[in-house]
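All residue numbers in this chain count up from 1 along the given sequence.
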Amino acid sequence: MGMVLYEMTMSPNAKRARLGLAETGAPFERREVNLLAGEQKTAGYKAIHPLGRVPTLDDDGVVVWESGAILLYLADKLPEARLMPRALAERGHVYQWLTFGETSIHGYLGPMGFQMFRRAPEKRDQQVLERGRQRMPEVLHVLDRQLEGKDYVVGAFSIADCACAPWLELAPGFGIDLEPFPNVRAWMSRMRTRPSWDA
């Protein structure tokens with residue numbers, strides 16, 4: 001069967017996994033799970049992801065869910081793709097920034113995205129949106145400083161870039177200004193030019 005990625009195209013979390021898969025060059029099949037129509041709640045889908053979320057990777061019966069776990073799995077399975085450095089110290093930095101993408105970036109932008117995409121404008125929790133707008137500049141400052149003099153988050157392209165970029169693509173639409181962060185903006189421009197970005 002090969003690798004199958006269950007995803008929803010518009011999901012930044014799914015895009016993290018899709019970026020990693022596309023970067024490996026390995027063939028994979030995409031299967032759309034329409035979250036808005038409730039397809040993630042079906043018994044068939046919950047048999048592979050008990051929480052009914054995307055993405056999920058099925059690699060010939062090895063099922064891995066959570067985008068960060070999928071990225072780590074791909075880096076281990078396909079080391080020739082060079083998504084992870086070999087030296088332990090450098091790997092530690094990738095782990096750190098992968099987690100930063102999941103906690104610091106997604107920690108604020110994920111709840112904002114739920115309000116923006118899943119709630120009618122009049123029902124949005126403005127406190128959630130305002131908290132993200134207040135806290136994200138600190139997160140962006142840390143990332144901007146890390147990117148000083150680097151093309152990618154840890155220097156060479158890695159799964160850390162896959163973990164951080166997809167949600168930041170949405171930040172301006174959430175009212176978060178990227179203008180004060182030139183290194184972040186330049187890095188995002190580089191990410192958009194990679195063939196994997198539009199895979």
Residue pairs, two or more places apart or on separate chains, that pass side chain to side chain donor-acceptor pair (under 3.5 Å) and touch residues 64-83:
Arg16-Ser67, Asp59-Tyr73, Asp59-Lys77
Spacing of [X] atom [atom1] and [Y] atom [atom2] [to the nearest 0.5 Å]:
X: Leu147; Y: Cys164; atom1: CG; atom2: SG; value: 8.5 Å
X: Glu32; Y: Leu5; atom1: CD; atom2: CG; value: 10.0 Å
X: Leu19; Y: Leu71; atom1: CG; atom2: CG; value: 8.0 Å
X: Leu72; Y: Ile159; atom1: CG; atom2: CD1; value: 4.0 Å

Does the ring of Trp197 carry Lys15 above it, NZ/CZ under 6.0 angstrom from centre and within 45° of its axis?
yes
Regarding Arg194 and the six-membered ring of Phe157, is the cationic atom NZ or CZ under 6.0 Å from the ring centre and inside 45° of its axis?
yes
Looking just at side-chain N and O atoms, do Asp161 and Trp187 make a donor-acceptor pair shorter than 3.5 Å?
yes
The criterion is side chain to side chain donor-acceptor pair (under 3.5 Å); which residues satisfy it with Gln134, sequence neighbours excluded?
Glu130
Check step by step if side-chain contact (heavy atoms from CB on, under 4.5 Å) holds for Phe28 and Val4.
CA-CA 6 Å; Phe28 67 98; Val4 178; over 6 Å; no
Could you list the residues that satisfy side-chain contact (heavy atoms from CB on, under 4.5 Å) with Gln115, not counting sequence neighbours?
Arg119, Arg124, Asp125, Val128, Leu129
Hey, is the main chain of Asn183 close enough, under 3.5 Å, to the side chain of Asp144 for a donor-acceptor pair?
yes
Among Arg53, Glu39, Arg31, His49, which one satisfies side-chain hydrogen bond (donor to acceptor under 3.5 Å, both in side chains) with Tyr6?
Arg31
I'd like to know whether CD of Glu138 has more than 12 heavy-atom contacts from other residues, nucleotides or ligands below 6.0 angstrom.
no
